**Q** 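Starting off with a structure, shown below.
Letters A, B, ... are given to chains in the order of the sequence lines, protein chains preceding strands, and every chain is numbered from 1. These numbers come from a predicted model, not from an experiment.
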Amino acid sequence: MSSQNQTLRTLLQPLMQDPPHLSSYAYAPIFQLLTGHNFSKLGQQIHAHMALRGIEPNSFVGAKMVAMYASSGDLDSAIVLFDRIINPSSLLFNSIIRAYTRYGFAEKTIGSYIRMHRLGLRADNFTFPFVLKSCVHLSSRWMGKCVHGQSLRIGLEFDLYVGTSMIDMYVKCGDISDAHKLFDIMPARDVSSWNALIAGYMKDGEVNVAVDLFERMPNRNIVSWTAMISGYTQNGLAEQALDLFDEMLQEGSEVKPNWVTVMSVLPACAHSAALERGRSIHNFASRIGLNSNSSVQTALVAMYAKCGSLVDAHHCFERIHHNEKSLIAWNTMITAYASHGCGMESVLTFEDMIRAGIQPDGITFLGLLSGCSHSGLVDVGLKYFHCMSVVYSVEPRVEHYACVVDLLGRAGRLVEAMELIDQMPMQAGPSIWGALLAACRNHRNLEFAEMAAKKLFVLEPDNSGNYVLLSNMYAEVGMWEEVNNLRAILKSQGMKKSPGGSWIEVNGKAHLFLGGDTSHPQAKEIYMLLEALPEKIKAAGYIPDTSFVLHDVSEEEKEYNLTTHSEKLAIAFGLLNTSPGVVLRVTKNLRICVDCHTATKFISKIYGREIIVRDVNRFHHFKDGSCSCRDYW
DNA sequence: TTAGGGTTAG
C-alpha cells in the first residue's frame with residue numbers, strides 16, 4: 001500500500017499546482033489507482049478539484065471514475081456522472097454496465113446495452129459477459145439467445161470470456177445441451193469453460209457426466225474442485241464430497257482452498273452428521289485464516305447445529321461480528337434453535353434480529369414458527385403468524401400455513417387446524433395435508449386422518465409413507481381388513497416402505513444400521529445387549545408401546561420387532577464402543593418412533609449417557625431419563 | 001471481464 005501511496009502522490013503533485021493546464025486525461029490513472037480500494041472520499045475530493053477548475057471529464061476519464069465510484073459502493077455517484085458525459089464511448093458503457101451488474105440491477109444492464117446499441121457503439125468482449133450475467137439474473141434464456149446471436153455477428157462468440165459466460169448463461173437458464181454444444185465447437189477453451197460446464201451437469205443432477213469432465217479436463221484449479229465438492233453436496237452425495245475434499249488437500253500446495261471451498265464442504269458434514277469431520281474442517285479453516293469470514297462462520301453454525309452440537313453452533317454465531325451478521329446468519333441460528341426444540345430461544349433470537357435492524361424474510365418465519373411448534377408455544381406462534389404480513393411485510397406462503405397446521409395439530413387443536421386449511425387463500429398442497437395427517441396420528445383422530453390421507457393419495461400417489469401411516473393407525477385399533485387393503489395397494493403399485501436406517505459416528509467413522517440389520521461385524525454383541533435391555537428397562541418402569549409395529553403379528557413378536565429398530569441398534573453399538581460418559585449422537589432417516597423414544601429415555605438413565613438423536617424433523621436430547629422435547633414432537 | 005456460494009416446514 002505504501003508504494004501505492006507514493007505513486008498517488010507523484011500523480012497528484014502536478015494537479016495541485018495552480019493553474020494546471022492539464023487535460024482531463026491526466027486524471028485517468030489516478031482514478032484507476034483508486035478503484036477497488038474503497039477510496040471514495042479521496043476520489044470525491046479529486047472529482048471536486050476537477051470541477052473547481054472547470055475540467056469536464058471526457059468519456060475515457062468518465063469510465064475510470066464510474067468504475068471507481070461503483071467499486072467503492074457509491075453507485076448513485078457513478079450513475080450521476082455517467083449521465084453527465086456528452087459523448088459516451090463503448091468503454092464508458094462497459095463501466096456502467098459492469099456497475100449495474102455488480103449491484104444486481106439486471107434490467108438497467110440490459111437497458112444500457114440496448115442504448116449502447118442504438119447509439120451505434122460496438123459491444124466488445126468486456127460487454128457481453130455482464131450482459132449475459134444479467135440475462136441469467138432475469139432468468140431469460142430468450143434474451144440470452146438474442147445476445148448470443150449478436151455476439152456471433154460481431155465475431156466474438158469464441159472469445160474465451162464471452163464463450164464461458166455464454167456456457168454459464170445456458171447452464172443457468174436450464175439448457176445444458178446448448179451449453180455443451182457451444183463448449184464442443186469452441187476452438188479454444190480454458191479451465192473456466194470446463195468449470196462452467198461441470199457446474200451445469202452437477203446442477204442437473206448428472207453427476208457422472210460432471211465426474212467424467214472433471215477427470216478429462218487438462219487443468220484444474222480451485223474452482224474446479226469446489227464445483228465438484230459443492231455438486232456432490234447438492235446431490236446428496238456427502239461422502240463423495242468429503243472424500244474429494246481430502247483428495248484435494250493431498251494434491252498439495254497446487255490448489256489452495258478458499259472460503260467458497262470450505263463453505264461448500266461443510267454442508268456435507270451436516271448432511272451426514274459427521275461432527276468430528278466438521279470440527280476438523282473448522283480447525284483447518286482456522287489454520288488457513290478463513291474462520292473470520294462471515295459466510296464460513298454461518299456455514300459453521302449450520303454444520304454444528306445439524307451435527308447436534310447447539311453449543312458450538314451458538315458459539316460460532318456469537319463470533320460473527322455484529323455488523324456482518326447477515327439475514328442468512330440470523331435465519332440459520334433461529335432455525336438451529338427450532339430444530340433442537342428450543343422455541344423460546346428462537347423467539348428471543350428473532351427479537352434480537354429485529355432490534356439489530358435486519359428485515360426478516362419468509363425463511364425467518366419458517367424457522368420461528370417451527371420453533372414455536374416444536375416447543376408447544378402455540379399462542380406465541382399464532383401471534384407471529386398473524387402479524388408477519390402486517391408488521392413485517394412478509395406474505396405467508398403455503399409453507400407457513402403448513403407450519404401453523406403443524407403448530408395447532410401438535411397441540412391437538414385439530415378442529416382449528418382444519419378451519420385454517422379452509423380459510424387458506426391458496427390451494428392446500430401435500431405439505432398441509434401431510435402436517436394434518438401427522439397430527440392426527442399423534443392424537444389418534446382416525447376420522448380426520450382418513451380425510452387427510454385421501455387427499456394425499458391423490459396429491460402424491462407414490463409416497464408410500466402416507467399409506468404406511470394410515471395403515472399403522474388402522475392397525476392400532478385392530479382394523480386389519482383396512483390394513484390389508486392398504487398393504488395390497490402398496491404391493492400392487494410396487495411401493496416399498498422406505499427402510500428405517502440410523503447411523504452413529506464413533507472415532508470419526510460412521511456406522512450405518514438398518515432395521516433388523518444383522519450384517520454388522522459386531523451384530524452378535526449388539527443383539528445380546530438389546531435382548532437384555534427390555535428386562536433391564538422394564539424394571540425401571542418401561543412399558544413397550546407396540547402400537548407402532550405395522551404387522552399383524554403377536555404381541556411378543558411385535559416387541560421383538562421393536563428391539564431391532566435401527567436407532568436402537570445404533571445406540572447399542574455406541575454403548576459398546578465408547579467409554580462411559582461419551583455423548584452418543586445418532587441420526588435417523590425417518591421419524592423416531594414412540595417406543596424408541598421411551599426406551600431411549602430409560603437407556604439414558606440406566607447407562608448414565610447423554611444421547612442425541614436427530615430424526616428427519618428435529619433433535620432429541622436424552623438425559624437422565626427425559627428428552628429435551630418433553631415428549632412433544 | 002468469465003467459472004465455484006452458506007439459511008427452508010412436515
**Q** Look at all strands and tell whether A:Ser295 reaches a base, only sugar-phosphate, or nothing, counting heavy atoms closer than 4.0 Å.
**A** base

**Q** Let me know the distance between CG of A:Asn293 and C1' of B:dG6, rounded to the nearest Å.
**A** 10 Å

**Q** With sugar-phosphate meaning primed atoms plus P, OP1 and OP2, does A:Phe130 contact a base, only sugar-phosphate, or nothing at under 4.0 Å between heavy atoms?
**A** sugar-phosphate

**Q** Given B:dA9, B:dG6, B:dT2, identify the nucleotide with an atom nearest to the side chain of A:Pro129.
**A** B:dT2

**Q** Taking the minimum atom-to-atom distance to the side chain of A:Leu366, which one of B:dT7, B:dG5, B:dA9 wins?
**A** B:dA9

**Q** Which nucleotide sits closest to the side chain of A:Ser230: B:dT1, B:dG4, B:dA9?
**A** B:dG4

**Q** Starting at atom OH of A:Tyr232, determine the distance to atom P of B:dG5, rounded to an integer number of angstrom.
**A**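 Roughly 15 Å, once rounded to whole Å.
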
**Q** Whole-Å distance between B:dG10 P and A:Arg397 CZ?
**A** 15 Å

**Q** Describe the nucleic acid contact of A:Thr364 in one word from base, sugar-phosphate, nothing, applying a heavy-atom distance below 4.0 Å.
**A** nothing

**Q** From C-beta outward on A:Val260, which listed nucleotide comes closest to its side chain: B:dT1, B:dG4, B:dT8?
**A**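 Nearest listed nucleotide: B:dG4.
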
**Q** Ignoring backbone atoms, establish whether A:Lys133 has a side-chain N or O less than 4.0 Å from OP1 or OP2 of B:dT1.
**A** no

**Q** Does NE2 in A:His137 sit with more than 12 non-hydrogen atoms of other residues, nucleotides or ligands closer than 6.0 Å?
**A**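 Count not over threshold, so no.
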
**Q** Between A:Asn258 (CG) and B:dG6 (P), how many Å, whole number?
**A** 13 Å

**Q** With respect to the phosphate group of B:dT7, does any side-chain polar atom (N or O) of A:Lys306 fall under 4.0 Å of OP1 or OP2?
**A**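 So the side-chain polar atoms of A:Lys306 do come within 4.0 Å of the phosphate oxygens OP1 or OP2 of B:dT7, strictly under.
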
**Q** With a 4.0 Å limit, can you tell me whether A:His374 has a side-chain N or O closer than that to the phosphate oxygens OP1/OP2 of B:dG10?
**A**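 Yes, within the criterion.
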
**Q** Do A:Tyr161 and the base of B:dT1 stack face to face, with centres under 5.5 Å apart and an angle between planes under 30°?
**A** yes

**Q** So if I take every side-chain heavy atom of A:Thr261 and compare against B:dG4, B:dA9, B:dT1, which nucleotide ends up nearest?
**A** B:dG4

**Q** Would you indicate what A:Ala402 reaches in the nucleic acid, counting non-hydrogen atoms under 4.0 angstrom: base, sugar-phosphate, or nothing?
**A**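 The residue A:Ala402 makes base contact.
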
**Q** So what does A:Asn221 hit on the nucleic acid, given a heavy-atom distance under 4.0 Å: a base, only sugar-phosphate, or nothing?
**A**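 A:Asn221: base contact, heavy atoms under 4.0 Å.
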
**Q** Are side-chain N/O atoms of A:Glu395 and A:Ser389 paired as donor and acceptor at under 3.5 Å?
**A**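 Their side chains do contain a donor-acceptor pair, which is all the 3.5 Å distance test asks for.
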
**Q** For A:Met388 and B:dA9, what is the distance between atoms CE and P respectively, to the nearest whole Å?
**A**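 Answer to the nearest Å: 14 Å.
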
**Q** Do the rings of A:Tyr467 and A:Phe457 sit parallel, tilted or perpendicular, given the 30° and 60° boundaries?
**A** parallel

**Q** State which of B:dA9, B:dT7, B:dG5 makes the closest approach to the side chain of A:Ile328.
**A**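 Comparing B:dA9, B:dT7, B:dG5 against the side chain of A:Ile328, the answer is B:dT7.
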
**Q** Tell me: CG of A:Asn617 to P of B:dA9, nearest whole Å?
**A**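 Computing the A:Asn617:CG to B:dA9:P distance gives 9 Å.
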
**Q** Among B:dG4, B:dA3, B:dG6, which nucleotide sits nearest the side chain of A:Pro267?
**A**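 Taking heavy atoms from C-beta onward, the closest nucleotide is B:dG6.
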
**Q** Give a yes or no on whether the ring-centroid distance for A:Tyr392 and A:Tyr384 is below 6.0 angstrom.
**A** no

**Q** Under 4.0 Å from OP1 or OP2 of B:dG4: is there any side-chain N or O of A:Lys172 that close?
**A**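 Checking B:dG4 against A:Lys172, a side-chain N or O does come within under 4.0 Å of OP1 or OP2.
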
**Q** B:dT2 P sits how many Å from A:Met169 CE, rounded?
**A** 16 Å

**Q** Looking at A:His271, I'd like to know if its NE2 atom is crowded, meaning that more than 12 non-hydrogen atoms belonging to other residues, nucleotides or ligands lie closer than 6.0 Å.
**A**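 For A:His271, atom NE2 is not crowded (no more than 12 foreign heavy atoms under 6.0 Å).
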
**Q** Expressed in angstrom and rounded to an integer, what is the separation of A:Leu469 atom CG from B:dG10 atom P?
**A**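 About 14 Å, once rounded to whole Å.
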
**Q** At under 4.0 Å between heavy atoms, what does A:Ser165 touch on the DNA or RNA strands: base, sugar-phosphate, or nothing?
**A**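 Since only primed, P, OP1 and OP2 atoms lie under 4.0 Å of A:Ser165, the category is sugar-phosphate.
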
**Q** Return no unless some side-chain N or O of A:Arg618 is found under 4.0 Å from OP1 or OP2 of B:dG10.
**A** no

**Q** Take atom CZ in A:Phe105; do more than 12 heavy atoms of anything else shown fall under 6.0 Å from it?
**A** no

**Q** Heavy atoms only, 4.0 Å cut-off, all strands: where does A:Ser431 land among base, sugar-phosphate and nothing?
**A**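 Base contact - A:Ser431 has a heavy atom under 4.0 Å of at least one base atom.
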
**Q** Is the shortest side-chain N/O distance from A:Gln234 to OP1 or OP2 of B:dG4 below 4.0 Å?
**A**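 It does not, given that no N or O in the side chain of A:Gln234 lies less than 4.0 Å from OP1 or OP2 of B:dG4.
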
**Q** Please classify the nucleic acid contact of A:Trp259 as base, sugar-phosphate, or nothing, using heavy-atom distances under 4.0 Å.
**A** base

**Q** Could you grab the distance from atom CG of A:Asp175 to atom NZ of A:Lys145, nearest 0.5 Å is fine?
**A** 6.0 Å

**Q** Give one of base, sugar-phosphate or nothing for A:Ser192, where a contact means two heavy atoms less than 4.0 Å apart.
**A**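 Base contact.
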
**Q** B:dG5 phosphate, OP1 or OP2: any side-chain N/O from A:Ser264 under 4.0 angstrom?
**A** no

